[in-house]
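The block underneath contains the structure these notes are about, expressed in structure tokens.
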Amino acid sequence: MSLRAALESQPGRRYIMFGGKGGLGKTTLSATTAFWLAGQGKRVLLFSVDPQASLSDIFQRDIFGKGPVPIMENLWAQEVDADRRIKDYQEEIRKKILDMYGFDKVPEEIDNYIQAASAEPAMEESAIFDAVVDIIVQGDYDYYIYDLVPLGHALYYLSMAKVYDEWINKITKLREDMGQYDQVAATMRRQETVEEDRILGELNYIKDRINASSRILTDRARTAFFFVVVPEEMIILDTRKAASLFAKFDVPISGYIVNRVLPPDLDRGNIPVYLRNRIAMQRKYLDEIRAIFGEDVRAYVPEMERDVTGLPMIERLARRLFVDNGAGVSPPGGDLR
Amino acid sequence: MKKKGGLLGIFKDIVNGMASHEMTRHAVRTRASMEHLFILITMGDLLGVPILPPYYSLRLLPYVTPQIAGWKRRMLRERDITDVLG
């Protein structure tokens, strides 16, 4: 089944993720897919949380930290600025404390804690996590295309959803138990009402968001996850490993996309030995990919003669990927073998 | 002021105090211990005990701000054998 058929046969899969090791072309494929879907009249949001995000590069304009930026009709792109988000968030917390207690300034000890919390490495991760939750729970686009950070991070992100889920369930339970003791004390003192627990309210809010996002990301009916691979030994090995880890987190893997396939007509006439060897090596690994991933390969994407940046180049790649090769999946020029 | 109701009220209070004061105290104390446990879990970083995830901890911080000082005192105070006996 081709990538196009995979998307068309499962229109309910509105959350599309591209994952893979760094530098294999996740951004290129995300942008190309987003471009094609937008061309089909779908409203598409393409987003990335990578601090070294490359959506700005591929669209050749600065969109970092600017929210969803319109790129063309039906297509928006967004790069999350985690640092900015953390700073705004800290300010929001300070303001809330001042408002709640009518302080002139935040108590020093509390303020130190707010500052220290942002220095923790886990802060950035959880801020990014929350940013993604924000984006995907809105649900007002037809498609959400997530240009994932490299594999390790992606895996960390997905495992976080699980850990947070358990964490929040436990403390919500503790908070509820506390409420019961409040109730007991109030009853025995013959007080009418117990003050509503605002912390429990906050916990439930956090819980709903985390649950919603991990439900979406592991829902086969709504989410498709594509691995990007290139015909190289290390990449094939790592991808297999990653695929089995992802499967543990119930991520619905929808197929593999083989990128950077050398054009077959390169192998004609007198070519340098170096190039001949590279081509021979690629054929070997393409065979391996066919043997390992077989029917799950959704596309073979040719190595383009120049960088894929700017809309005209994305359009060219989209045409090759979704129109010329839309019906079936064949290695570029079936005569490669 | 209705004298009869007042007397009855006082009587009620006395009975109630005899019967349930201890239970109420227990409930309130347990509640306080749980509050401290809760703050430890969510704000552990304040004592150098990092507990995930800081982004959501901060969300709860405004609500526990008044309790932080008392909680830290309780967590960090020295303990001896009388604590166990008490």
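All of these numbers come straight from a predicted model, not from anything done at the bench. By convention in this document, chain letters (A, B, ...) are assigned in the order of the sequence lines, proteins followed by strands, and residues within each chain are numbered from 1.
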Determine the interplanar angle of the Tyr89(A) and Tyr55(B) rings, folded into 0 to 90°, and report it as parallel if under 30°, tilted if 30 to 60°, perpendicular if over 60°.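 Ring orientation of Tyr89(A) relative to Tyr55(B): parallel.
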Distance-only, no hydrogens or angles: does the Tyr101(A) side chain make a donor-acceptor pair with backbone N or O of Pro62(B) under 3.5 Å?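 Yes, the answer is positive, given that a donor and an acceptor are paired below the 3.5 Å cut-off.
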Would a 4.5 Å heavy-atom cut-off, applied to side chains only, mark Tyr56(B) and Tyr205(A) as touching?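 No, every pair of side-chain atoms sits at 4.5 Å or beyond.
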Measure Met100(A) against the heavy atoms of chain B and call it side chain, backbone, both or neither at under 4.5 Å.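 Only the side chain of Met100(A) comes within 4.5 Å of chain B.
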Between Asp99(A) and chain B, with a heavy-atom cut-off of 4.5 Å, which part of the residue counts as in contact: side chain, backbone, both or neither?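 Contact with chain B is absent: no heavy atom of Asp99(A) under 4.5 Å.
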How long is the straight-line distance from [atom2] of [Y] back to [atom1] of [X], given to the nearest 0.5 Å?
X         : Y         : atom1 : atom2 : value
Leu203(A) : Arg59(B)  : CG    : CZ    : 10.0 Å
Tyr181(A) : His26(B)  : OH    : NE2   : 5.5 Å
Gln90(A)  : Leu61(B)  : CD    : CG    : 11.0 Å
Leu174(A) : Thr42(B)  : CG    : OG1   : 9.0 Å
Phe38(B)  : Ile171(A) : CZ    : CD1   : 5.0 Å

Smallest separation among heavy atoms of [X] and [Y], with atom names:
X         : Y         : answer
Leu58(B)  : Ile93(A)  : O-CD1, 3.2 Å
Glu202(A) : Leu60(B)  : CB-CD2, 3.7 Å
Thr65(B)  : Pro107(A) : CG2-CG, 4.5 Å

Step by step, would you call Tyr113(A) with Ile68(B) a side-chain contact (heavy atoms from CB on, under 4.5 Å)? CA-CA 11 Å; Tyr113(A) 174 61; Ile68(B) 292 286; over 6 Å; no
Might you confirm whether atom [atom1] of [X] has over 12 heavy atoms from other residues, nucleotides or ligands at distances under 6.0 Å?
X         : atom1 : value
Asp104(A) : CG    : no
Lys66(A)  : NZ    : yes
Gln115(A) : CD    : yes

For Gln138(A), which residues count as a side chain to side chain donor-acceptor pair (under 3.5 Å) partner, sequence neighbours excluded?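 Checked Gln138(A) against side chain to side chain donor-acceptor pair (under 3.5 Å); zero matches.
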Assess whether a salt bridge exists between Arg175(A) and Glu35(B), defined as any Lys/Arg side-chain N lying under 4.0 Å from an Asp/Glu carboxylate O.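 Salt bridge flag = yes for Glu35(B) with Arg175(A).
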Top contributor to chain B interface from Asn112(A), Val106(A), Ile97(A) [non-hydrogen pairs under 4.5 Å]: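 Option with the greatest count: Ile97(A).
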As a quick check of understanding, evaluate side-chain contact (heavy atoms from CB on, under 4.5 Å) for Arg31(B) and Gln180(A), giving each step before the final call. CA-CA 9 Å; Arg31(B) 171 64 172 70; Gln180(A) 286 180 1; over 6 Å; no
I'd like to check the side chain to side chain contact (heavy atoms under 4.5 Å, CB included) partners of Pro252(A); sequence neighbours left out, ordered by chain and number.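 So Pro252(A) forms a side chain to side chain contact (heavy atoms under 4.5 Å, CB included) with Arg220(A), Thr223(A).
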